[in-house]
Amino acid sequence: MFQVEILQLLVSPVHRLEGRPGDGMPELPSGELVTTAEVRAGLGLVGDRYFNQAAHRNASITLMAVERLPQPGPHPADLLRTRRNVLLRGIDIDACIGATVFLDSGTGPVELEVRSAARPCAWMDTTLGPGAQRALRGGGGVRCRPLTDGTLTVGPALFGVREPGPA
């Protein structure tokens, strides 16, 4: 168990990256960045576009490491542009695929099954800048299934691995 930081949380009621990246930058409302997010086991983040969606139950929360974001770019690299849910500092979350991990931002641990890579798409070159999709290969974050209810809050958090993934 060690200290990490939750830098940003994104709870978005709609999917904003639709159409083609060549159509230009979609509107990215800052109100989707929140300081606290409620997690429900097997369902996701309350209020998020993937909450209780059958097709996304095993991947309803996405985590990303800020250390993997291309910097500096023409646009600020944040969750509005990557469309992930949790931006972390201090953990190579991409190395945790297959593991069961937890985040505790002070109200108790939220357990997450890290299911798969959140592969970067062509939108990254539009939202972050040219070359971002390639730069994020192998580091675009992870898709998780929440195993417990809880609350995540921006700020310091404890991170730990409950069950390691395959070696």
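Note that this is a predicted model, so its numbers are computed, not measured.
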Measuring from [X]:[atom1] to [Y]:[atom2], what's the distance to the nearest 0.5 Å?
X      : Y      : atom1 : atom2 : answer
Gln8   : Arg89  : CD    : CZ    : 10.5 Å
Ser105 : Leu103 : OG    : CG    : 7.5 Å
Arg143 : Met64  : CZ    : CE    : 13.5 Å
Leu43  : Asn52  : CG    : CG    : 5.0 Å

Treating Ile, Leu, Val, Met, Phe, Trp and Tyr as nodes and any side-chain heavy-atom pair under 4.5 angstrom as an edge, say whether [X] and [Y] lie in one connected cluster.
X      : Y     : value
Leu7   : Ile91 : no
Leu87  : Val39 : no
Val34  : Val86 : yes
Val110 : Phe2  : yes
Val161 : Val4  : yes

Test item: [X] side-chain N/O and [Y] main-chain N/O as donor-acceptor pair under 3.5 Å:
X      : Y      : value
Asp149 : Ala41  : yes
Arg84  : Ala118 : yes
Asn58  : Arg145 : no
Asp104 : Ala157 : no
Thr148 : Glu111 : yes
Asn85  : Thr62  : yes

Salt bridge (Lys or Arg N to Asp or Glu O under 4.0 Å) with Glu67: which residues, sequence neighbours excluded?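 For Glu67 there are no salt bridge (Lys or Arg N to Asp or Glu O under 4.0 Å) partners, ignoring immediate neighbours.
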
Just to verify, what does Arg115 make a salt bridge (Lys or Arg N to Asp or Glu O under 4.0 Å) with, not counting sequence neighbours?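 Result, salt bridge (Lys or Arg N to Asp or Glu O under 4.0 Å) vs Arg115: Glu113.
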
Should [X] and [Y] count as side-chain neighbours, where that means a heavy-atom distance under 4.5 Å?
X      : Y      : answer
Ile6   : Leu88  : yes
Thr36  : Glu38  : yes
Ile61  : Leu45  : yes
Tyr50  : Arg57  : no
Val114 : Val101 : yes
Cys144 : Leu63  : yes
Leu9   : Leu152 : yes
Val142 : Ile97  : yes

Validate the cation-pi geometry between Arg40 and Phe51: distance from NZ or CZ to the six-membered ring centre under 6.0 Å, angle to the ring axis within 45°.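 So Arg40 doesn't make the cation-pi contact.
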
Determine, using ring centers only, whether Phe102 and Phe159 are less than 6.0 Å apart.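 Between Phe102 and Phe159, which both carry aromatic rings, the centre distance is not below 6.0 Å.
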
Distance-minimising heavy-atom pair for Gly44 and Pro146: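 For Gly44 and Pro146, the tightest heavy-atom pair comes out as N-CG, 3.6 Å.
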
